[in-house]
Protein chains: 2
Amino acid sequence: MAGEELTNRVKQLRFENDRMTQQQLAEQVGVTRQTIITIEANRYSPSLKLAFRIARAFAVSIDDVFQSSLPSADPATEKHGKNK
Amino acid sequence: MAGEELTNRVKQLRFENDRMTQQQLAEQVGVTRQTIITIEANRYSPSLKLAFRIARAFAVSIDDVFQSSLPSADPATEKHGKNK
DNA sequence: ACGTGATGTAAGAAATATATTACATTGCGG
DNA sequence: CCGCAATGTAATATATTTCTTACATCACGT
């Protein structure tokens, strides 16, 4: 699963959300502070489960927290290229 | 990371998308067929990266493919419970 | 009946995410 | 200056995901 990069706005969202601390977020989503740190530092991307929990902690959708860097599939390649 | 269950509509989306086969989807998102199978069978939840790729393969958003079973945070517990 | 494509299962190896522990740094209130 | 909270780093252990390989079944066309 090497591939595109995912960026995230976790750190920013913490600040916007009442200056939530890493520790608080970690507790709320049920992981350790280290996990939050490494995600914020973008050293690896979280599991989908964790992504959902983080998004919910901020009451936003996953796409508001994480962004995929990939260009959104050019017309020629869409729909798994089966047609034409 | 044990926790809530995630359901998904991958199988259904394959059919809706021109009866895409597991193999085709696997190739398009860059994993093996086994990975698709286990995700469809809900034996584990994918990485966020893979979730993004799958969603893009169907040209929908992550939330259209995967659903978290957790109730959407009751008003009392929202905002990381810091206020009251 | 036979071949083939699509789906499914299983076991073990490999990769990646998460936990645990311990310590360093920085900023701030006293 | 001192203490403390918040952030960060690193090393190692554990858990979970993904790959590889091999084989089974089921439906379909011929």
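Each chain gets a letter, A, B and so on, in the order its sequence line appears, and its residues count up from 1. All heavy atoms count here, side chains included; hydrogens, waters and symmetry mates do not.
Distance CG (A:Asn42) to P (C:dT16): 15 Å, rounded to an integer number of Å. Regarding B:Leu50, its CG atom lies at a distance of 14 Å from the C1' atom of C:dA15, rounded to whole Å. Distance B:Tyr44 OH to C:dT9 P: 13 Å, rounded to the nearest Å. Atom-to-atom, CE of B:Met20 to C1' of C:dG5 comes out at 17 Å; the value is rounded to the nearest Å. Here the C1' atom of nucleotide C:dA19 and the CD1 atom of A:Ile37 are 13 Å apart, to the nearest Å. Between the C1' atom of C:dA15 and the CG atom of B:Leu48 lies a distance of 17 Å, rounded to the nearest Å.
For the pair A:Arg53 (side chain) and A:Val29 (backbone), a donor-acceptor distance under 3.5 Å is present.
Between B:Lys49 and C:dA15, a side-chain N or O to OP1/OP2 separation shorter than 4.0 Å is absent. Note on B:Thr21: every side-chain N or O is 4.0 Å or more away from OP1 and OP2 of C:dG5.
Heavy-atom distances to DNA chain C give each of B:Phe15 and A:Val31 a nearest nucleotide, and the one nearer the 5′ end belongs to B:Phe15.
Shown here are the side chain to side chain donor-acceptor pair (under 3.5 Å) partners of A:Thr21, two or more places apart in sequence or in another chain: there are none. For the side chain to side chain donor-acceptor pair (under 3.5 Å) test, residues two or more places apart in sequence or in another chain that qualify with B:Thr38 are B:Tyr44.
Side-chain contact between B:Arg9 and B:Gln67 is present, with heavy atoms from C-beta onward closer than 4.5 Å. Looking at heavy atoms from C-beta onward, A:Phe58 lies out of side-chain contact with A:Glu16 at the 4.5 angstrom threshold. Contact of the B:Asn17 side chain with the B:Leu25 side chain is not registered, since no non-hydrogen atoms from C-beta on lie closer than 4.5 Å.
Each of A:Leu13, A:Ile39, A:Asp64 was compared with A:Asn8 under the side-chain contact (heavy atoms from CB on, under 4.5 Å) criterion, and only A:Ile39 meets it.
Put simply, the side chain of B:Gln34 and the base of C:dA11 share no donor and acceptor less than 3.5 Å apart.
Pairing each heavy atom of A:Leu6 with each of A:Ser68, the nearest pair is CD2-CA, 3.5 Å. Across all their heavy atoms, B:Val65 and B:Ala55 have their closest contact at CG2-CA, 3.9 Å.
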Can you give one letter per nucleotide of nucleotides 24-30 of chain C, 5' to 3': B if a protein heavy atom sits under 4.0 Å from the base, S if only from the sugar-phosphate, - if neither? -------

Determine, stepwise, if the pair A:Leu48 / B:Ile62 fulfils side-chain contact (heavy atoms from CB on, under 4.5 Å). CA-CA 10 Å; A:Leu48 182 56; B:Ile62 286 195; 4.2 Å; yes

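Sorted by first and then second residue, the salt bridge (Lys or Arg N to Asp or Glu O under 4.0 Å) pairs with a member in residues 35-44 of chain A read A:Arg14-A:Glu40; sequence neighbours excluded.
In terms of hydrophobic clustering, with Ile, Leu, Val, Met, Phe, Trp and Tyr side chains grouped at heavy-atom distances under 4.5 Å, A:Ile37 and A:Phe66 are assigned to different clusters.
Within the nucleic acid shown, B:Thr38 has no heavy atom closer than 4.0 Å to any nucleic acid atom. Residue contacts shown for A:Thr32 include a base, since a base heavy atom lies under 4.0 Å away.
In the helix from C:dA1-D:dT30 to C:dG30-D:dC1, the rotation axis of the first five pairs and that of the last five pairs differ in direction by 30°, rounded to 10 degrees.
Boundaries of the chain B contact region on DNA chain D are D:dT17 to D:dA22, first to last in 5' to 3' order (nucleotide atom under 4.0 Å from a heavy atom).
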